[in-house]
Visitor: 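Here it is, the structure, as structure tokens.
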Amino acid sequence: MTILYNSSLQKATFILTGFQGLEDLHGWISIPFCFIYLTVITGNLTILHVIRTDVTLHEPMYYFLAMLALTDLGLCLSTLPTVLGIFWFDAREIGIPACFTQLFFIHTLSLVESSVLLSMSIDRYVAICNPLRYSTVLTPARIVKMGLILVLRSALLILPLPFLLKRFQYCRSHVLAHAYCLHLEIMKLACSSIIVNHIYGLFVVACTVGIDSLLIFLSYALILRTVLSIASRLERLRALNTCVSHMCAVLLFYIPMIGLSLVHRFGEHLPHMVHLLMSYVYLLVPPLMNPIVYSIKTKQIRQRITKKFEFIKSLRCFQ
């Protein structure tokens, strides 16, 4: 396939790809994707609704959880139009402005998620290591400022990427390997040197995900040291239990990211399907599983959701 290219870059069109060789099955393949997207949207909206409507959940831990749910919701919605557009309507063409906009939101929200996970680890550190100052350190105003800083940091670091890509001429194959736009993939289609994009991309990853992961590890090292100093075994287990949901969220985010990086770096001999599935796992599994994990492992969230369903069920009984 060729690019639809006029005299200016703005009129260029990339070609998105679903599951190559399985185009006749796209209708069936769309069913699990629809289920995943519906579950992500419903689950994260439920978490947001429960936190917003229940005053007892207006605490730092749940404010950060609401940030995570909003981020997951945004990440899901940023890929939904093109993914389902290919499966349902075979809408494979995407213009450069739309492609770069999608790229911006996907990468920005991925960095925001990493930053939110760091903020949640700080929340757990203060709650366990310095509980008497918990409410004074993590005030609502300070949490709002933290949220704004996280978004601004991620957005400002990703903002140069579309402009760095815009300066290229794209004279190679313009068929993208995924159903959405990613910086690494578009960068490789350029005719000229991409060393600046490579260096800046590594700089962004090091400044965000690299630092975030190190600080998360450090916070849990300090948490573990504090927990091990507690005399009562029951109290130690109780303290660690408050971190289980967050540790699961961290693993759900970083394991697919590391796996995808390894596949891109060392898996050139692997079938294209492996690369494709790993990219979907990275983008869809954390938003899918986070609401489920927090609903199961966080007692307060589980109880509030159960009450909501019981209330809805009771209303139906009176009809």
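Values in this document were obtained by computation on a predicted structure and should not be read as measured data.
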Visitor: Between Arg304 (side chain) and Ile51 (backbone), is there a donor-acceptor pair under 3.5 Å?
Guide: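 Looks like no, no N/O pair under 3.5 Å.
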Visitor: So, do Gln303 and Asp54 sit near enough that their side-chain heavy atoms are less than 4.5 Å apart?
Guide: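 When only atoms from C-beta onward are counted, Asp54 and Gln303 do not touch, as no gap falls below 4.5 Å.
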Visitor: Between Ile143 and Leu138, which heavy-atom pair has the shortest distance, and what is it?
Guide: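 Taking every non-hydrogen atom into account, CD1-O, 3.8 Å.
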Visitor: Which residue pairs satisfy the salt bridge (Lys or Arg N to Asp or Glu O under 4.0 Å) criterion with at least one member in residues 12-38, sequence neighbours excluded?
Guide: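 Applying salt bridge (Lys or Arg N to Asp or Glu O under 4.0 Å) to every pair that reaches into residues 12-38, excluding sequence neighbours, yields nothing.
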Visitor: Who are the disulfide (SG to SG under 2.5 Å) partners of Cys181, not counting sequence neighbours?
Guide: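 Here the qualifying residues are Cys99.
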Visitor: Drop me the distance from Ile258's CD1 to Ser213's OG, to the nearest 0.5 angstrom.
Guide: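 If I round to the nearest 0.5 Å, the distance is 8.0 Å.
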Visitor: Does any part of the side chain of Glu113, heavy atoms only, come nearer than 4.5 Å to the side chain of Leu109, both counted from C-beta?
Guide: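 Contact flag for Leu109/Glu113 side chains = no.
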Visitor: Heavy atoms only: give me the nearest Phe19-Phe33 pair and the separation to one decimal.
Guide: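 Answer, listing the atom of Phe19 first, then Phe33: CE1-CE1, 3.8 Å.
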Visitor: Residues two or more places apart in sequence or in another chain: which of them pass ring-ring contact (aromatic ring centres under 6.0 Å, His included) with Tyr180?
Guide: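 For Tyr180, the residues satisfying ring-ring contact (aromatic ring centres under 6.0 Å, His included) (neighbours in sequence not counted) are His178, Tyr280.
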Visitor: Evaluate Ile86 against Thr82 for side-chain contact (heavy atoms from CB on, under 4.5 Å), listing each step before the verdict.
Guide: CA-CA 6 Å; Ile86 287 176; Thr82 52; 5.5 Å; no
Visitor: Mind listing the closest non-hydrogen atom pair of Ser245 and Thr298 along with its distance?
Guide: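 Shortest heavy-atom contact: OG-OG1, 3.2 Å.
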Visitor: What are the two closest heavy atoms between Phe104 and Ala155, and how far apart are they?
Guide: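 Smallest heavy-atom distance, with atoms named: CE1-O, 3.6 Å.
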Visitor: Can you list every disulfide bond (SG atoms under 2.5 Å apart) pair that touches residues 196-294, not counting sequence neighbours?
Guide: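 Listed by first then second residue: nothing to list.
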Visitor: To the nearest 0.5 Å, what is the distance between CD1 on Ile128 and CZ on Arg238?
Guide: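 Result: 12.5 Å between the selected atoms.
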Visitor: If we only count heavy atoms from C-beta on, is the Val244 to Val293 side-chain gap below 4.5 Å?
Guide: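 They are not in contact (no side-chain heavy atoms under 4.5 Å apart), so the answer is no.
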Visitor: Apply side-chain hydrogen bond (donor to acceptor under 3.5 Å, both in side chains) to the pair Ser114 and Tyr254, showing each step before the final yes or no.
Guide: CA-CA 9 Å; Ser114 175; Tyr254 283 103; 3.0 Å; yes
Visitor: Would you please name every residue forming a ring-ring contact (aromatic ring centres under 6.0 Å, His included) with His107, sequence neighbours left out?
Guide: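 Partners of His107 by the ring-ring contact (aromatic ring centres under 6.0 Å, His included) criterion come out as none, since no residue qualifies.
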Visitor: Could you state the interatomic distance from CZ (Phe203) to OG1 (Thr208), rounded to the nearest 0.5 Å?
Guide: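 Here the interatomic distance stands at 9.0 Å.
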Visitor: Show your reasoning for whether side-chain hydrogen bond (donor to acceptor under 3.5 Å, both in side chains) applies to Tyr134 and Asp123.
Guide: CA-CA 8 Å; Tyr134 182 64; Asp123 168 77; 2.5 Å; yes
Visitor: According to a hydrophobic-cluster definition based on side-chain heavy atoms being under 4.5 Å apart (Ile, Leu, Val, Met, Phe, Trp, Tyr only), do Leu224 and Met120 belong together?
Guide: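 Hydrophobic grouping puts Leu224 apart from Met120.
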Visitor: If two hydrophobic side chains count as joined below 4.5 Å and joins carry through other members, does Leu277 share a cluster with Leu260?
Guide: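 The answer is yes; both residues are in one hydrophobic cluster.
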Visitor: Could you tell me the separation between the OG atom of Ser154 and the CG atom of Leu150, rounded to the nearest 0.5 Å?
Guide: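 Atom-to-atom, Ser154:OG and Leu150:CG are 6.5 Å apart.
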Visitor: Give a yes or no on whether Leu111 and Leu202 share a hydrophobic cluster (residues Ile, Leu, Val, Met, Phe, Trp, Tyr; joining criterion: side-chain heavy atoms under 4.5 Å apart).
Guide: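 The answer is no; the residues belong to distinct hydrophobic clusters.
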Visitor: Sequence neighbours left out, cut at 3.5 Å: what donor-acceptor pairs do the side chains of residues 63-71 make with other protein atoms?
Guide:
unit_1: Thr71; atom_1: OG1; unit_2: Met67; atom_2: O; d: 2.8

Visitor: So, using salt bridge (Lys or Arg N to Asp or Glu O under 4.0 Å) as the criterion, who are the partners of Arg124 when residues are at least two apart?
Guide: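 With sequence neighbours excluded, Arg124 shows a salt bridge (Lys or Arg N to Asp or Glu O under 4.0 Å) to no residue whatsoever.
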Visitor: Which residue pairs satisfy the salt bridge (Lys or Arg N to Asp or Glu O under 4.0 Å) criterion with at least one member in residues 202-229, sequence neighbours excluded?
Guide: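 Qualifying pairs: Arg153-Asp212.
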Visitor: I'd like to check Leu176 versus Leu189 (side-chain heavy atoms, cut-off strictly below 4.5 Å). Are they in contact?
Guide: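 With C-beta onward as the side chain, the pair touches.
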Visitor: Examine distances only and state if a side-chain atom of His58 and a backbone atom of Arg52 form a donor-acceptor pair shorter than 3.5 Å.
Guide: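 Checking the backbone N and O of Arg52 against the side chain of His58, a donor-acceptor pair under 3.5 Å is found.
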Visitor: Taking only residues two or more places apart in sequence or in another chain, which ones pass side chain to side chain contact (heavy atoms under 4.5 Å, CB included) with Val281?
Guide: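 Only Pro256, Val285 meet the side chain to side chain contact (heavy atoms under 4.5 Å, CB included) criterion with Val281.
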Visitor: Looking at every heavy atom in both Leu75 and Pro287, which two are closest together, and how far apart are they?
Guide: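 In this case the closest contact between Leu75 and Pro287 is CD2-CG, 4.3 Å.
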Visitor: Are the side chains of Val40 and Leu284 in touch, meaning some heavy atoms are under 4.5 Å apart?
Guide: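 Heavy-atom side-chain distance check fails, nothing below 4.5 Å.
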Visitor: Going by the rule side chain to side chain contact (heavy atoms under 4.5 Å, CB included), which residues pair with Ile296 if we only count those two or more places apart in sequence or in a different chain?
Guide: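 Ile292.
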Visitor: Would you say Asp90 and His26 are linked by a side-chain donor-acceptor pair, where the criterion is simply a distance under 3.5 Å?
Guide: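 No, Asp90 and His26 have no side-chain donor paired with an acceptor closer than 3.5 Å.
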Visitor: So His174 and Phe14, would you call those rings parallel, tilted or perpendicular, with 30° and 60° as cut-offs?
Guide: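 The rings of His174 and Phe14 sit tilted, inter-plane angle from 30° to 60°.
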Visitor: Would you say Leu276 and Gln20 make side-chain contact, with heavy atoms under 4.5 Å?
Guide: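 Heavy-atom side-chain distance check fails, nothing below 4.5 Å.
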Visitor: Please confirm whether the backbone N or O of Thr39 pairs with a side-chain atom of Thr42, one donor and one acceptor, at under 3.5 Å?
Guide: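 Not a single qualifying donor-acceptor pair exists.
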Visitor: Taking atom NE2 of His198 and atom CE of Met187, what is their separation to the nearest 0.5 Å?
Guide: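 Going from NE2 on His198 over to CE on Met187, the span is 4.0 Å.
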Visitor: Do Val204 and Tyr200 come within less than 4.5 Å of each other through their side chains, counting heavy atoms only?
Guide: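 Val204 reaches Tyr200 side chain to side chain.
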Visitor: How about Phe87: does its CZ atom have over 12 heavy atoms from other parts shown lying under 6.0 Å from it?
Guide: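 Correct, the count exceeds 12.
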Visitor: Is there a side-chain contact between Ser121 and Phe217 in this structure, where contact means two heavy atoms from C-beta onward sitting under 4.5 Å apart?
Guide: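 No; the side chains remain at least 4.5 Å from each other.
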Visitor: Are the side chain of Arg92 and the backbone of Ile15 linked by a donor-acceptor contact shorter than 3.5 Å?
Guide: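 Not at all, since once roles are kept as given, no pair shorter than 3.5 Å links the two residues.
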Visitor: With rounding to the nearest 0.5 Å, note down the distance linking CG in Leu161 to OG1 in Thr108.
Guide: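 OG1 of Thr108 is found 8.0 Å from CG of Leu161.
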Visitor: Fit a plane to each ring of His275 and His272, take the angle between them on a 0 to 90° scale, and name the class: parallel (under 30°), tilted (30 to 60°) or perpendicular (over 60°).
Guide: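 Parallel, since the angle between the ring planes stays under 30°.
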Visitor: Are Leu214 and Met247 co-members of a hydrophobic cluster defined by side-chain heavy atoms under 4.5 Å apart?
Guide: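 In one cluster: no.
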Visitor: One pair to check against side-chain contact (heavy atoms from CB on, under 4.5 Å): Ile47 and Ser295. What are the steps and the verdict?
Guide: CA-CA 8 Å; Ile47 294 289; Ser295 298; 3.9 Å; yes
Visitor: Among pairs that include at least one residue of residues 293-303, which meet salt bridge (Lys or Arg N to Asp or Glu O under 4.0 Å), considering only residues two or more places apart or in two chains?
Guide: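 Sorted result for residues 293-303: empty, none.
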Visitor: State, to 0.1 Å, how close Pro131 and Cys129 come at their nearest heavy-atom pair, and which atoms those are.
Guide: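 Looks like CD-C, 3.5 Å.
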Visitor: I'd like to check the side chain to side chain contact (heavy atoms under 4.5 Å, CB included) partners of Val196; sequence neighbours left out, ordered by chain and number.
Guide: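 Scan of Val196 (side chain to side chain contact (heavy atoms under 4.5 Å, CB included), adjacent residues dropped) gives Leu164, Arg167.
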Visitor: Quick one: do Ile158 and Phe105 satisfy side-chain contact (heavy atoms from CB on, under 4.5 Å)? Show the steps, please.
Guide: CA-CA 9 Å; Ile158 295 300; Phe105 280 106; over 6 Å; no
Visitor: Begin with the C-alpha distance, continue with both residues' side-chain angles, and end with the deciding distance and a verdict on side-chain contact (heavy atoms from CB on, under 4.5 Å) for Leu270 and Met278.
Guide: CA-CA 12 Å; Leu270 294 174; Met278 282 301 300; over 6 Å; no
Visitor: If hydrophobic clusters are built from ILVMFWY residues whose side chains come within less than 4.5 Å, do Phe89 and Val83 share one?
Guide: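 Per the 4.5 Å side-chain linkage, Phe89 and Val83 are co-clustered.
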